[in-house]
Each structure stands twice: as structure tokens, then as C-alpha cells.
Amino acid sequence: MDYYTFEYKFEDLKITRELIASVMGYEGGLAPDPFPEMIDEVLAEAPRHCDIKGGYTIREDIHIDKAARTLRIDDISFQVMRIITNQLKKSEHAALFICTAGAGIGEWSKKLMKDGNLLMGYVVDVVGSETVDGAMDIIQKKLEENLINKGLHITERYSPGYCDWQVGEQQKLFSFLPDQFCGVKLFPSSLMYPIKSISGVIGIGKEVRRNGYACNMCDMENCIYRNKRHVH
């Protein structure tokens with residue numbers, strides 16, 4: 001089985017102050033004081049705290065059962081529920097992925113909060129989340145570009161813990177990948193370490209498309225994919 005891995009520098013992600021402010025909920029990326037200065041400070045220091053890695057494997061033996069709301073890969077069935085089965089329904093293959101910002105940025109945020117610097121700790125936490133998400137955007141775009149010459153397209157990406165897909169099924173997902181793939185460890189509780197890590201599935205097929213996330217069908221307000229931008 002082939003596994004594809006990537007490493008990035010923080011600078012490769014081109015994360016801006018305006019992006020972080022927007023992710024924090026400030027319209028137009030215009031955050032009030034003291035956040036602009038704090039964001040700039042974190043962005044300047046972030047490269048020293050990140051170890052950005054990600055990768056995926058493609059599985060060809062898959063089956064989507066809309067009635068049962070399941071995705072079967074080889075002999076393992078995932079109860080991905082209604083939203084995800086609707087989005088994956090025309091998939092012929094699936095890419096299983098893991099991506100991480102590394103342990104450093106999560107530990108930095110944790111230390112700041114423990115020391116009572118809650119605002120700065122919060123900014124670091126947001127930057128860490130955007131780091132792993134931005135890295136996975138790049139990996140997903142590379143996957144899309146590699147497949148287009150074969151007449152194949154991809155769906156959006158979906159992770160356990162979102163769209164009613166139970167986080168415990170992450171154990172099944174990790175079983176398709178080498179132990180501590182890209183440096184990510186999965187605990188029995190199904191939490192990942194480093195904390196700033198994501199995993200999930202992307203559908204692949206001739207008739208699938210990236211149609212955006214069905215946020216109007218989900219009431220999970222703090223979802224990482226809510227109103228997610230496309231990377232072109």
C-alpha cells in the first residue's frame with residue numbers, strides 16, 4: 001500500500017493577521033486592540049513552534065450505503081451518518097489522511113494559559129488550528145491536482161467528530177495507516193497527540209465534486225469546517 005507524506009514550513013502556509021482575526025470571528029479580519037499586535041507576535045514566533053507534517057493513503061475497495069449511512073473500506077465499516085454519506089455517495093475510492101502542526105504550538109498555548117496569559121494563549125491556539133487546517137488545504141489541493149489528469153475529482157474532507165460522525169471511529173481510520181503516521185499518536189480515548197492534528201476521509205470519483213460543506217444541515221456551531229473557504 002502506498003503512503004504519501006509531506007512536510008511544510010510555517011511560512012509556506014501564508015497565514016495572515018487578517019485570516020486569524022477572521023477565524024476568531026472578527027468580520028473583515030479587523031480585530032480590535034490588543035489583538036492585531038498579539039497576532040503579529042504569534043505569527044512571528046510560530047515557525048519555531050511548528051513541525052508540520054501530513055499525508056494520506058488511497059483505498060480503492062469502498063462502498064457507500066446511503067440507507068445504512070455507512071462507508072465501508074475493505075472489510076471495515078464506518079457509521080459516517082447522513083450528511084457525509086450524501087456527500088460521498090458517488091465516490092469510487094477514498095483517501096484517508098492525517099495532518100499535524102506538531103506538538104510545539106499546542107504546548108506553547110497550554111503553557112501561556114497555565115501562566116495566566118489567557119488572551120495570548122487563545123491566539124496561539126487559533127494559529128495552531130489554522131496551521132494544521134492550512135497545511136491540509138495544501139495537501140488536499142495536491143491530491144486534487146494529481147487526480148484530475150486521471151479524470152477523477154474529490155469531495156470535501158470529513159473528520160470523525162463532525163457531521164454526526166462519532167469520534168470513536170477514528171480508531172478504525174488509524175488502522176489503515178502505519179503506527180504514528182506523520183508523528184501522530186491516537187490514544188484509547190480517540191484523542192490525537194499532538195493536539196493540533198486532524199484526520200479524516202476524502203471521497204474520490206469521476207462524478208464527485210467539491211460542493212462546499214452542508215453547514216445549513218448541521219447545528220454544530222464550533223465546527224472547523226463551518227463556512228470553510230476553498231483553496232484554489
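Predicted model, so just to flag it, every value in this text is computed and none were measured.
Between W165 and F78, the ring planes are perpendicular. Angles over 60° get that label, and only those under 30° would be called parallel.
By the 4.0 Å N-to-carboxylate-O rule, R59 lies close enough to D74 to be salt-bridged with it. Ion pairing of K110 with D125 is absent here, as no side-chain N (NZ or NE/NH1/NH2) approaches a carboxylate O to less than 4.0 Å. For E145 and K142, the salt-bridge test fails: no basic side-chain N is under 4.0 Å from an acidic carboxylate O. A salt bridge between R157 and D137 is present, with a side-chain N of the basic residue lying under 4.0 Å from a carboxylate O of the acidic one.
Distance alone, capped at 3.5 Å, places no donor-acceptor pair between the N86 side chain and the I83 backbone. No donor-acceptor pair closer than 3.5 Å links the side chain of Q180 to the backbone N or O of K185.
The closest side-chain heavy-atom distance from F35 to I20 is not below 4.5 Å. Two residues are said to be in side-chain contact when any heavy atoms from C-beta on lie closer than 4.5 Å; S199 and V184 fail this criterion.
Under the 4.5 Å side-chain heavy-atom criterion for Ile, Leu, Val, Met, Phe, Trp and Tyr, Y3 and I73 are members of the same hydrophobic cluster. No continuous path of hydrophobic side-chain contacts links I195 to I52 [ILVMFWY only; heavy atoms under 4.5 Å]. Residues V167 and L96 fall into different hydrophobic clusters, defined by Ile, Leu, Val, Met, Phe, Trp and Tyr side chains chained together at heavy-atom separations under 4.5 Å.
The distance from atom CE of M192 to atom CD1 of I98, rounded to the nearest 0.5 Å, is 7.5 Å.
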